[in-house]
Amino acid sequence: MTKEQLRDMLIKAREAKQLTQEQVVSLSGANITRQYYSMIENGDRRPSVDVAKKIAPVLGISWTIFFETEGNQKLRKTGSS
């Protein structure tokens with residue numbers, strides 16, 4: 001799953017439940033900010049397993065989906081040829 005596919009899936013799941021990002025954070029009980037959740041939703045950050053397990057039930061998805069992406073590839077690149 002690409003970063004874009006994950007983003008689309010998370011947004012669709014959240015909107016289907018008529019939730020804001022802030023509500024997802026609040027309902028999850030995860031100790032994260034709305035801004036950090038936004039980075040997760042956009043595919044810029046990958047949540048810890050604990051955070052993923054708290055967010056997933058709120059959205060009605062499997063927590064493992066966060067780890068089936070190419071998410072943080074750019075952070076692993078060293079820039080060498």
Side-chain angles (χ1 to χ4, degrees):
M1 176 177 297
T2 67
K3 177 175 141 174
E4 291 78 18
Q5 290 169 323
L6 176 64
R7 180 182 61 231
D8 291 345
M9 188 198 67
L10 293 175
I11 291 170
K12 285 179 185 173
R14 179 172 55 79
E15 289 177 346
K17 295 187 175 283
Q18 299 181 354
L19 297 172
T20 64
Q21 290 181 343
E22 189 66 45
Q23 289 170 319
V24 172
V25 170
S26 178
L27 291 169
S28 74
N31 188 25
I32 61 172
T33 63
R34 198 251 347 130
Q35 291 83 356
Y36 188 75
Y37 175 76
S38 179
M39 288 189 278
I40 294 170
E41 193 173 86
N42 287 325
D44 296 328
R45 292 287 182 268
R46 185 172 292 168
S48 67
V49 170
D50 183 54
V51 170
K53 286 181 175 181
K54 290 179 178 179
I55 292 171
V58 174
L59 298 175
I61 60 172
S62 170
W63 67 269
T64 59
I65 200 74
F66 293 103
F67 305 99
E68 298 171 8
T69 69
E70 303 165 0
N72 289 337
Q73 293 288 354
K74 67 182 178 185
L75 298 177
R76 288 186 279 235
K77 290 184 181 176
T78 60
S80 57
S81 301

At what distance, to the nearest 0.5 angstrom, does [atom1] of [X] lie from [atom2] of [Y]?
X: F66; Y: R45; atom1: CZ; atom2: CZ; value: 15.0 Å
X: I40; Y: L6; atom1: CD1; atom2: CG; value: 10.0 Å
X: F67; Y: M1; atom1: CZ; atom2: CE; value: 13.0 Å
X: L10; Y: Q21; atom1: CG; atom2: CD; value: 10.0 Å

Does Q18, at its CD atom, have more than 12 non-hydrogen atoms belonging to other residues, nucleotides or ligands within less than 6.0 Å?
no
Taking salt bridge (Lys or Arg N to Asp or Glu O under 4.0 Å) as the test, write out the residues that go with R7, two or more places apart.
none
Among D8, N42, D44, whose side chain to side chain donor-acceptor pair (under 3.5 Å) with K3 holds?
D44
Indicate yes or no for a side-chain donor-acceptor contact from R34 to the backbone of E22 under 3.5 Å, with no hydrogens or angles considered.
no
Taking a hydrophobic cluster as the set of Ile, Leu, Val, Met, Phe, Trp and Tyr residues connected by side-chain heavy atoms closer than 4.5 Å, whether directly or through intermediates, do M39 and Y37 fall within one such cluster?
yes
For the hydrophobic clusters of this structure (ILVMFWY residues joined by side-chain heavy atoms under 4.5 Å, transitively), does one cluster hold both I65 and V49?
yes
Do V25 and I32 come within less than 4.5 Å of each other through their side chains, counting heavy atoms only?
yes
Side-chain polar contacts of residues 52-62 - donor-acceptor pairs under 3.5 angstrom, sequence neighbours left out - could you list them?
unit_1: S62; atom_1: OG; unit_2: T64; atom_2: N; d: 3.3
unit_1: S62; atom_1: OG; unit_2: T64; atom_2: OG1; d: 2.8

